[in-house]
Amino acid sequence: MDIDKIKNSIRNVPDFPKPGIQFKDITTLLQDQDAFKETIEAFYDAFKDEKIDVIVGIESRGFIFAAPLALKLGCRFVLARKPGKLPSETVAEEYELEYGTDAIEIHTDAISKGDRILIVDDLLATGGTAKATGSVVNKLGGEIVSYAFLIILKFLKGDELLKPVPVFSIIEY
Ligand code: AMP
């Protein structure tokens with residue numbers, strides 16, 4: 001696995017979307033076919049020996065990695081979306097933002113009791129989004145095998161918020 005290739009393909013954009021934020025831009029990785037392929041391979045290698053029924057991808061950049069991984073692992077793919085986007089009956093969980101709240105929704109019939117779930121997103125920052133997604137999965141009776149991120153911003157300690165569920169990541173900052 002060529003971690004440097006993956007890392008070098010991610011663009012850092014300082015002060016986006018506001019001053020002080022170092023935005024990790026994965027659009028440059030997506031334009032590099034080898035780096036994109038290496039990324040999916042890295043996720044696959046980490047989970048190929050686990051029994052996983054469902055991959056839950058978090059809106060929206062999580063979808064990009066979750067969909068090919070679900071096909072490669074041979075499991076179902078479920079969307080975790082922001083409020084008002086999913087058309088059928090949903091279960092939701094709210095979470096705190098710096099200013100106000102947001103929420104994550106999943107279709108009620110997308111996960112069954114006892115399903116083994118892998119939750120995928122591009123980046124773990126404070127962990128609020130991933131934690132809310134995990135709560136919805138648990139409400140629906142799913143068992144979270146692990147969280148998986150392309151990037152973890154370790155200094156924000158999001159992985160501690162997600163404990164005791166394991167957190168896999170390919171790149172750490
Ligand atoms: P959080 O809930 O704080 O863990 O934020 C995670 C979500 O926000 C993920 O879906 C990321 O795509 C996005 N995000 C947060 N911080 C960054 C960053 N520095 N660069 C790129 N995306 C970010």
Side-chain angles (χ1 to χ4, degrees), residues 3-32 35-36 38-40 42-43 46-47 54-70 77-86 90-107 110-111 117-139 142 144-173:
I3 297 280
D4 281 343
K5 183 163 198 54
I6 298 172
K7 197 164 191 171
N8 293 336
S9 72
I10 297 167
R11 174 163 58 191
N12 189 72
V13 183
D15 300 320
F16 182 88
K18 53 187 181 182
I21 304 284
Q22 300 290 328
F23 192 86
K24 305 299 177 201
D25 177 17
I26 57 133
T27 64
T28 41
L29 179 149
L30 301 175
Q31 291 180 67
D32 180 336
F36 191 14
E38 287 279 346
T39 304
I40 301 303
F43 279 127
F47 295 102
V54 177
I55 293 192
V56 172
I58 301 179
E59 181 168 351
S60 60
R61 287 183 295 268
F63 298 165
I64 297 165
F65 303 103
L69 184 60
F77 173 40
V78 166
L79 308 186
R81 298 211 66 180
K82 296 293 169 68
K85 305 273 191 186
L86 289 170
T90 60
V91 168
E93 177 80 14
E94 275 201 359
Y95 60 101
E96 302 287 327
L97 296 174
E98 200 176 343
Y99 302 104
T101 60
D102 207 344
I104 284 287
E105 298 183 346
I106 295 177
H107 274 146
I111 291 172
I117 313 284
L118 175 66
I119 298 176
V120 173
D121 202 358
D122 67 327
L123 182 142
L124 178 67
T126 64
T129 316
K131 178 94 182 169
T133 307
S135 299
V136 179
V137 167
N138 287 147
K139 281 181 194 173
I144 309 169
V145 174
S146 181
Y147 290 91
F149 304 92
L150 166 57
I151 302 161
I152 175 171
L153 303 183
K154 200 79 180 143
F155 58 95
L156 292 174
K157 299 187 168 44
D159 52 341
E160 287 180 21
L161 188 70
L162 301 179
K163 272 182 181 167
V165 179
V167 173
F168 168 80
S169 62
I170 300 172
I171 291 168
E172 278 187 18
Y173 290 96

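In listed order, ligands and their atoms are each counted from 1.
- Taking a 4.0 Å cut-off on heavy atoms, L156 fails to register as neighbouring ligand 1.
- For the pairing with V56, the side-chain contact (heavy atoms from CB on, under 4.5 Å) check across I104, I106, D121, V120 returns one residue only, I106.
- Using a 4.0 Å cut-off to heavy atoms of D122, the atoms of ligand 1 that qualify are 9 (C), 10 (O), 11 (C), 12 (O).
- Annotation: cation-pi geometry not satisfied between K131 and Y95 (NZ/CZ under 6.0 angstrom from ring centroid, within 45° of ring axis).
- Near L153, the atoms of ligand 1 lying under 4.0 angstrom from a non-hydrogen atom of the residue are 19 (N).
- Every N/O-N/O distance between I21 and ligand 1 stays at or above 3.5 Å.
- Considering only non-hydrogen atoms, atom 17 (C) of ligand 1 lies nearest to L123 out of T129, L162, L123.
- In this comparison of L161, T126, L150, the heavy atom closest to atom 3 (O) of ligand 1 sits on T126.
- Taking a 4.0 Å cut-off on heavy atoms, D121 registers as neighbouring ligand 1.
- Using the six-membered ring where Trp is involved, F47 and F168 have ring planes that are perpendicular, over 60° apart on the 30 and 60° scheme.
- When only non-hydrogen protein atoms are considered, atom 21 (C) of ligand 1 lies nearest to F23 CE1, 3.3 Å.
- Nearest heavy atoms, F77 versus G57: CE1-N, 3.9 Å.
- When the options E98, K131, Q22 are ranked by their closest heavy atom to atom 19 (N) of ligand 1, first place goes to Q22.
- Between K5 and A35, the shortest heavy-atom contact is O-CB, 4.1 Å.
- Ligand 1 is never approached by G158 to a heavy-atom distance shorter than 4.0 Å.
- For atom 8 (O) of ligand 1, the nearest protein heavy atom lies 4.0 Å or farther away.
- Among protein heavy atoms, the minimum distance from atom 4 (O) of ligand 1 is reached at G127 N, 2.7 Å.
- Nearest protein heavy-atom neighbour of atom 20 (N) of ligand 1: K24 N, 2.9 Å.
- Residues F16 and F23 come closest through the heavy atom pair O-CB, 3.3 Å.
- Closest of all the heavy-atom pairs between T90 and H107 is CG2-CD2, 4.0 Å.
- Of the protein's heavy atoms, R61 NH2, 3.7 Å lies nearest to atom 13 (C) of ligand 1.
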- Task: Start with the C-alpha distance between K82 and D102, add both sets of side-chain angles, then the distance that settles side-chain contact (heavy atoms from CB on, under 4.5 Å), and finish with yes or no.
- Result: CA-CA 8 Å; K82 296 293 169 68; D102 207 344; 3.5 Å; yes

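- Side-chain contact check for E59 versus L79: every heavy-atom pair is 4.5 Å or farther apart.
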